Protein chains: 2
Amino acid sequence: MDEVEIFKALSNKTRIQILTWLKDPVKHFPAHKTNCENNGVCVGLIQQKAGLTQSTISEYLSILQRAGLVTATRLGQWTYYKRNEIAFEKLSHLIASEL
Amino acid sequence: MDEVEIFKALSNKTRIQILTWLKDPVKHFPAHKTNCENNGVCVGLIQQKAGLTQSTISEYLSILQRAGLVTATRLGQWTYYKRNEIAFEKLSHLIASEL
DNA sequence: TAGGAATATCGGGAATTATCGATATATATT
DNA sequence: AATATATATCGATAATTCCCGATATTCCTA
């Protein structure tokens, strides 16, 4: 749990937006309900919604992953990203008690 | 409450360190117990402890202040900085529930 | 009112981040 | 094997951040 790395990852409007989309993927990516429920959301869907280039979004997702805020699962050609809720709980607790 | 501004302010090891010092100023600045308890901690004390230049620490404190994480009180020649605990509670809650 | 002390602001060079287009890699399909 | 699709990585430029020294501002005191 590298706090500074986490806060850097959160220091960007688009990355925060992505995290809120991933909080309720069925709502934000309704056309892909099944995958969203099971595996997470693939890079391409996030990219379309964010409106930035593929390379930028891929990079952003790996920043979030390195910070531990999301997890990635490769299935075939797709990489599915999901929130790591435990990391958010820990962060919330850290701010409330130790920071 | 500008989340991105807050996370940027927290994206620096020295600034986080300062915030933890301000969490218990009597412990971290024992030679200045009275002022610490009443008003907060002045820039010079923080600067000595951090080991960076005066201008850098002054800048860092104003970054923390603009983010709402600390408050400043000018008394004579000194500016005393204190944590704004309410901001931390709000941030913790934001991460736990909305982010 | 002149000088000293504490803090704030300014200007800058080095390091890091944002974002892109191009390319590489991995997987699926024919 | 050849091609198509999804994602990752590379290289580059612009913007931002880090941190400094120098200077300005504010306030106190002789």
Side-chain angles (χ1 to χ4, degrees), chain A residues 2-19 22 25 29 31-32 34-36 38-67 69-82, chain B residues 2-19 22 25 29 31-32 34-36 38-67 69-82:
Chain A
D2 178 339
E3 310 154 33
V4 170
E5 187 176 17
I6 293 174
F7 291 131
K8 281 184 181 173
L10 294 172
S11 294
N12 176 287
K13 213 178 157 189
T14 301
R15 288 195 293 267
I16 289 193
Q17 186 73 163
I18 291 171
L19 290 171
L22 293 184
F29 304 93
H32 301 263
T34 305
N35 266 331
C36 288
N38 296 338
N39 310 311
V41 183
C42 68
V43 179
L45 287 183
I46 296 170
Q47 189 249 312
Q48 282 175 241
K49 208 171 168 74
L52 295 178
T53 63
Q54 187 272 325
S55 63
T56 297
I57 297 304
S58 176
E59 170 72 5
Y60 280 9
L61 288 168
S62 85
I63 288 171
L64 292 172
Q65 188 189 14
R66 280 197 299 276
L69 296 170
V70 302
T71 59
T73 314
R74 181 107 198 191
L75 279 185
Q77 304 167 272
W78 292 273
T79 306
Y80 295 95
Y81 283 91
K82 266 190 183 172
Chain B
D2 179 339
E3 308 153 34
V4 171
E5 186 176 18
I6 293 174
F7 291 131
K8 281 185 182 172
L10 294 171
S11 294
N12 177 285
K13 212 178 158 189
T14 302
R15 289 195 294 267
I16 288 194
Q17 187 72 171
I18 292 172
L19 289 171
L22 293 183
F29 304 93
H32 301 265
T34 306
N35 266 331
C36 287
N38 296 337
N39 309 311
V41 183
C42 68
V43 180
L45 288 182
I46 297 170
Q47 189 249 312
Q48 282 175 241
K49 208 171 169 73
L52 296 178
T53 63
Q54 186 272 324
S55 63
T56 297
I57 297 304
S58 177
E59 170 72 5
Y60 280 8
L61 288 168
S62 84
I63 287 171
L64 292 172
Q65 188 190 13
R66 279 197 299 276
L69 296 169
V70 303
T71 59
T73 314
R74 180 107 200 192
L75 279 185
Q77 305 167 270
W78 292 274
T79 306
Y80 295 96
Y81 284 91
K82 266 189 184 171

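Fair warning: this is a prediction, and the values are worked out from it, not measured in the lab.
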Toward the 5' end of DNA chain C, which comes first, A:Ser11 or A:Ser55, by nearest nucleotide?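 With A:Ser11 and A:Ser55 compared, the 5'-side residue is A:Ser11.
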Please tell me which of A:Gly76 and A:Arg15 maps to the more 5' nucleotide of DNA chain C, matching each residue to the nucleotide holding its nearest heavy atom.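 In this pair, the answer is A:Arg15.
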Tell me whether the side-chain N/O atoms of [X] come closer than 4.0 Å to OP1 or OP2 in [N].
X: B:Thr56; N: D:dC20; answer: yes
X: B:Tyr81; N: C:dA6; answer: no
X: B:Thr53; N: D:dC19; answer: no
X: B:Tyr60; N: D:dC20; answer: no

With no angle test and no hydrogens, is the base of D:dA8 tied to the side chain of A:Gln54 by a donor-acceptor pair under 3.5 Å? yes
Whole-Å distance between [N] [atom2] and [X] [atom1]?
X: B:Ile57; N: C:dT7; atom1: CD1; atom2: P; value: 12 Å
X: B:Asn12; N: D:dT16; atom1: CG; atom2: C1'; value: 14 Å
X: B:Tyr80; N: D:dC27; atom1: OH; atom2: P; value: 14 Å
X: A:Arg66; N: C:dT16; atom1: CZ; atom2: C1'; value: 13 Å
X: A:Gln77; N: D:dA6; atom1: CD; atom2: C1'; value: 6 Å
X: A:Leu52; N: D:dA8; atom1: CG; atom2: C1'; value: 17 Å
X: A:Lys8; N: C:dT17; atom1: NZ; atom2: C1'; value: 9 Å
X: A:Leu75; N: D:dT5; atom1: CG; atom2: C1'; value: 16 Å

Say you draw a straight line from [atom1] of [X] to [atom2] of [Y]; how long is it, rounded to the nearest 0.5 Å?
X: A:Ile18; Y: A:Asn12; atom1: CD1; atom2: CG; answer: 8.0 Å
X: A:Ile6; Y: A:Ile63; atom1: CD1; atom2: CD1; answer: 14.0 Å
X: B:Ile46; Y: B:Leu22; atom1: CD1; atom2: CG; answer: 5.0 Å
X: A:Leu52; Y: A:Gln47; atom1: CG; atom2: CD; answer: 8.0 Å

Please determine, for the side chain of B:Cys42, which listed nucleotide (C:dC20, C:dC10, C:dT7) has the closest atom?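 Closest of the options to the side chain of B:Cys42: C:dT7.
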Nucleotide nearest A:Thr79 when distance is taken to its side chain, options C:dG21, D:dT7, C:dA8: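 Between C:dG21, D:dT7, C:dA8, the one nearest the side chain of A:Thr79 would be D:dT7.
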Give the minimum heavy-atom separation between B:Tyr80 and B:Gly40, together with the two atoms involved.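 Minimum heavy-atom contact is CD2-O, 3.5 Å.
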Could you tell me whether A:Ser62 contacts a base, only the sugar-phosphate backbone, or nothing, with contacts defined as non-hydrogen atoms closer than 4.0 Å? nothing
